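Counting starts at 1 for both ligands and their atoms, following the listed order. Since we're looking at a predicted model, the values are computed, not measured.
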Amino acid sequence: MSTIFSQIVAGDIPARVVYEDETTLAFLDANPLAPGHTLVIPKEEYERLNDVPEDVAADLYATLHRLVPAVEDAVDADASTVAFNNGEAAGQEVPHVHGHIVPRFAGDGGGPIHAIAGEAPDLSDDELDEIAADIDGRI
Ligand code: AMP
C-alpha cells in the first residue's frame, strides 16, 4: 500500500501544493506547527533518508534550498527550523521521506533542535574519539 504522500503525488488525495518538479514535491502540512509549515518530499517513496539515491537526494536538497526563503518570506518569518524525522524512533509517522520547513518567529516559544533529544549523555574524550572513528570507518 502506498503512503499518504504517494497518494498526494498521484493526485488521489488533495494537498496545497506549493512546488513541483520532476522528482520532488512540496505542499503545506495539514497540521501546521506554524503558518507556512511545508513538507518537501521525493516523489518516489523512500522510507529513510539513507534509502534515497544520491541524485534524488541532491534534488531534494535543491528543492529545500529553493523553498526555505520562499516560505519564510510568504509568512514574514524571522527564521525556520528545517528537519527530518528519520525513522520511527525519531518520531517519523509517515514512512515516506519528508523534510519539514517550520517557519519560526522571534519569541514564538518554540525550542531549537537541541530540545528534541532526551537527557544529554556525559561522554568522555575517549568515547567521543571512538564514536568519531567508528563513524569515519563506516563511510
Ligand atoms: P512526521 O511525524 O515527520 O512523519 O510528520 C508527518 C507530517 O505529515 C505531520 O506533520 C502531518 O501533519 C503531516 N501530514 C499527514 N498527512 C498529511 C496530508 N494528507 N497532507 C499534508 N500533511 C500531512
Mind running side-chain contact (heavy atoms from CB on, under 4.5 Å) on Thr38 and Val18 for me, showing each step along the way?
-> CA-CA 8 Å; Thr38 298; Val18 299; 4.0 Å; yes
Kindly indicate whether the side chain of Lys43, heavy atoms from C-beta on, has any atom under 4.5 Å from the side chain of Glu22.
->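 When only atoms from C-beta onward are counted, Glu22 and Lys43 do not touch, as no gap falls below 4.5 Å.
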Applying side chain to side chain contact (heavy atoms under 4.5 Å, CB included), name anything that partners Pro53, two or more places apart in sequence or on another chain.
->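 Once residues adjacent in sequence are excluded, the partners of Pro53 under the side chain to side chain contact (heavy atoms under 4.5 Å, CB included) criterion are Tyr46, Asp55, Val56.
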How would you list all residue pairs meeting salt bridge (charged side-chain N to carboxylate O under 4.0 Å, His left out) that involve residues 103-132, not counting sequence neighbours?
->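 Counting only pairs at least two positions apart or across chains, the salt bridge (charged side-chain N to carboxylate O under 4.0 Å, His left out) contacts touching residues 103-132 are Arg104-Asp108.
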Who passes ring-ring contact (aromatic ring centres under 6.0 Å, His included) against Phe27, sequence neighbours left out?
->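 For Phe27 the ring-ring contact (aromatic ring centres under 6.0 Å, His included) partners, ignoring immediate neighbours, are Phe5.
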Mind listing the N or O contacts between ligand 1 and protein, cut-off under 3.5 Å?
unit_1: ligand 1; atom_1: 2 (O); unit_2: Gly91; atom_2: O; d: 3.0
unit_1: ligand 1; atom_1: 2 (O); unit_2: Glu93; atom_2: N; d: 3.4
unit_1: ligand 1; atom_1: 3 (O); unit_2: Asn85; atom_2: ND2; d: 2.9
unit_1: ligand 1; atom_1: 3 (O); unit_2: His98; atom_2: NE2; d: 2.7
unit_1: ligand 1; atom_1: 3 (O); unit_2: His100; atom_2: NE2; d: 2.8
unit_1: ligand 1; atom_1: 4 (O); unit_2: Glu93; atom_2: N; d: 2.7
unit_1: ligand 1; atom_1: 4 (O); unit_2: Val94; atom_2: N; d: 2.9
unit_1: ligand 1; atom_1: 4 (O); unit_2: His98; atom_2: NE2; d: 2.9
unit_1: ligand 1; atom_1: 5 (O); unit_2: His98; atom_2: NE2; d: 3.1
unit_1: ligand 1; atom_1: 5 (O); unit_2: His100; atom_2: NE2; d: 3.4
unit_1: ligand 1; atom_1: 10 (O); unit_2: Asp29; atom_2: OD1; d: 3.2
unit_1: ligand 1; atom_1: 10 (O); unit_2: Asp29; atom_2: OD2; d: 2.5
unit_1: ligand 1; atom_1: 12 (O); unit_2: Asp29; atom_2: OD1; d: 2.5
unit_1: ligand 1; atom_1: 12 (O); unit_2: Asn31; atom_2: ND2; d: 2.8
unit_1: ligand 1; atom_1: 22 (N); unit_2: Ala30; atom_2: N; d: 3.0

Taking atom CD of Glu72 as the centre, report whether more than 12 heavy atoms of other residues, nucleotides or ligands fall under 6.0 Å from it.
->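 Atom CD in Glu72 is packed in, count exceeds 12.
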